[in-house]
Amino acid sequence: MPEGHTIHRHARLQRKHLRNAGPIAVSSPQGRFAAGAARLDGSRVTAVQASGKHLFYRWDQGDTLHVHLGLFGKYKTFLGDPPPPTDGTRLAMRTEDATIYLAGPTVCEIIDPDEEAGIRKRLGPDPLDRRADPERFIANLGRRRIPIGAALLDQKVIAGIGNVYRAELLFILGIDPQTPANQLDSSTAMALWDRTVTELRRGEKSGRIVTTDPADFGARRDRDLDRSERLYAYKRDGLPCRRCGTEIRMTEMANRLMWWCPSCQT
DNA sequence: GGGTGATGCTGAG
DNA sequence: TCAGCCTCACCCC
């Protein structure tokens with residue numbers, strides 16, 4: 001379930017359990033991270049940081065653990081006695097009161113400072129980072145001729161947007177996904193950044209992606225919405241646009257499926 | 001119980 | 001451009 005909001009949420013929630021807990025029991029039930037787990041076992045976590053879709057854990061013996069969930073990766077956290085790990089559990093971290101299981105990540109590795117610098121260098125500004133500079137995002141767009149629908153998935157342009165938010169943000173701002181990135185005027189680009197910040201923060205808080213207005217469905221909170229009510233465009237091909245009634249269309253862009261309203265997004 | 005799709009990304013060609 | 005990787009939740013019998 002991982003776009004940037006999920007990763008930042010994991011960082012925030014796991015920080016509570018891991019940071020300044022006692023020594024952490026680290027293992028790799030599945031075995032594929034056995035050497036790394038052995039190296040971390042019994043150490044303490046001093047920080048958990050999210051950057052785009054990457055997670056970095058600082059350990060007091062100097063190591064940094066790097067995790068990227070990819071498409072399939074999932075965390076599960078249990079308070080008290082955890083159930084036995086599944087066959088796919090790559091990493092288990094256990095403190096006195098919580099156990100965190102990680103399964104299916106694309107990346108779970110111990111890295112050195114140079115490697116971390118390399119990863120960070122490849123990332124554009126992160127809308128969930130309060131120190132992020134929107135001007136960098138605008139400058140990045142200005143340098144690309146690719147469609148904005150492709151640029152938003154490029155983590156070097158902006159870090160943390162995934163396939164759902166790409167479709168939703170372009171719909172909300174009424175931007176045709178085919179528009180070349182360098183042809184967005186700077187006020188539109190700034191509005192796109194601002195809305196991205198708003199929506200990702202909203203997702204980080206609630207733990208789910210909701211871009212519609214609950215009030216439109218007679219609901220009070222994001223969590224009260226049915227699955228079919230949460231989004232404007234994503235996976236709604238063939239259904240009427242919530243704003244104008246035109247059929248939502250589906251196409252492929254940057255190797256991923258993309259949904260948009262041909263009448264609202266021009 | 002089996003089949004399938006998924007909110008990601010890389011590296012080979 | 002495209003195959004490949006990683007795991008599990010969900011859907012349909």
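Computed over heavy atoms, backbone and side chain alike; hydrogens, waters and symmetry mates excluded. Every chain is numbered from 1 and lettered A, B, ... according to where its sequence line falls, protein lines coming before strand lines.
Taking both residues in full, the closest heavy atoms of A/R144 and A/D154 are given as NH1-OD2, 3.0 Å, listed atom of the first, atom of the second, then distance. Closest heavy-atom contact between A/Q61 and A/R39: NE2-O, 3.3 Å.
Residue A/R32 is in sugar-phosphate contact alone, with no base atom involved, counting any heavy-atom pair closer than 4.0 Å across all strands shown. The residue A/D87 sits apart from the nucleic acid: no heavy atom pair falls under 4.0 Å.
With a cut-off of 3.5 Å on both pairing distances, the Watson-Crick and G-U wobble pairs of DNA chain B assemble into stems of 3 or more at B:1-6 with C:7-12, B:8-12 with C:1-5.
Atom NE2 of A/H66 and atom P of B/dT10 are 10 Å apart (whole Å). Atom CD1 in A/I158 sits about 13 Å away from atom P in B/dC9, given to the nearest Å. One atom, CG of A/L71, and another, P of C/dA3, lie 16 Å apart when rounded to the nearest Å. Rounded to whole angstrom, the span from the CG atom of A/N255 across to the P atom of B/dG11 amounts to 16 Å. Across the protein-nucleic acid pair, A/E109 atom CD and C/dC5 atom C1' stand 15 Å apart, rounded to whole Å. Put simply, CG on A/L200 is 12 Å from C1' on B/dT7, counting in whole angstrom units. Atom OH of A/Y75 and atom C1' of C/dT7 are 15 Å apart (whole Å). Residue A/L55 contributes atom CG, which lies 14 Å from atom C1' of B/dG8 at whole-angstrom precision.
Counting only heavy atoms from C-beta on, A/A103 has its side chain closest to C/dT7 among C/dT7, B/dA6, B/dT7. In this structure, the nucleotide among B/dT7, B/dT10, C/dC2 sitting nearest to the side chain of A/P2 is B/dT7. Comparing atom distances between the A/R90 side chain and each of B/dT10, B/dG5, C/dT7 picks out C/dT7 as nearest. The A/Q155 side chain lies nearest to B/dC9 when the options are B/dC9, B/dA6, C/dT7.
Residue A/R122 has a polar side-chain atom (N or O) positioned under 4.0 Å from OP1 or OP2 of B/dT10. Put simply, A/K53 has no side-chain N or O that comes within less than 4.0 Å of OP1 or OP2 on B/dT7. Dashed line: the shortest gap from a side-chain N or O of A/T106 to OP1 or OP2 of B/dT10 is not under 4.0 Å. Considering only side-chain N and O atoms, A/K235 lies under 4.0 angstrom from the phosphate OP1 or OP2 of B/dA6. Applying the 4.0 Å criterion to OP1 and OP2 of B/dC9, one finds that A/K156 has every side-chain N and O outside that range. For A/R256, a side-chain nitrogen or oxygen approaches OP1 or OP2 of B/dT7 to under 4.0 Å.
In this structure, A/T95 contributes its side chain and A/A98 its backbone to a donor-acceptor pair below 3.5 Å.
Annotation: of the two residues near DNA chain C, A/G104 and A/R227, the 5′-most nearest-nucleotide partner is A/G104. For A/H68 and A/L257, each mapped to the nucleotide of DNA chain B holding its nearest heavy atom, the one lying further toward the 5' end belongs to A/L257.
Counting only heavy atoms from C-beta outward, the side chains of A/M253 and A/Q178 approach each other to under 4.5 Å. A/C264 is listed as a side-chain neighbour of A/C241, based on a closest heavy-atom distance under 4.5 Å.
Comparing C/dC13 with B/dG5, their P atoms sit 15 Å apart, to the nearest whole Å. Annotation: B/dG13 and C/dC5 have their P atoms spaced 14 Å apart (nearest Å). Only the C1' atoms considered, C/dT1 is 23 Å distant from B/dT7, to the nearest whole Å.
Taking 4.0 Å as the cut-off between side-chain N and carboxylate O, A/R94 and A/D81 count as a salt-bridged pair.
Under the ring pair (Phe, Tyr, Trp, His ring centres under 6.0 Å) test applied with A/F56, the options A/H68, A/H66, A/H10 reduce to a single match, A/H66.
Side chains of A/H8 and A/D126: a donor-acceptor N/O pair is present below 3.5 angstrom, by distance only. Side-chain contact check for A/T64 and A/R58: at least one donor-acceptor pair (N or O, by modelled atom type) lies under 3.5 Å.
More than 12 heavy atoms of other residues, nucleotides or ligands lie within 6.0 Å of CG in A/D226, so this atom counts as buried by the packing criterion.
Sorted by residue number, the members of residues 161-169 of chain A with any non-hydrogen atom under 4.0 Å from DNA chain B read A/G162, A/N163, A/V164.
Geometric assessment of A/R242 against the ring of A/F171 yields a negative cation-pi assignment under the 6.0 Å and 45° thresholds.
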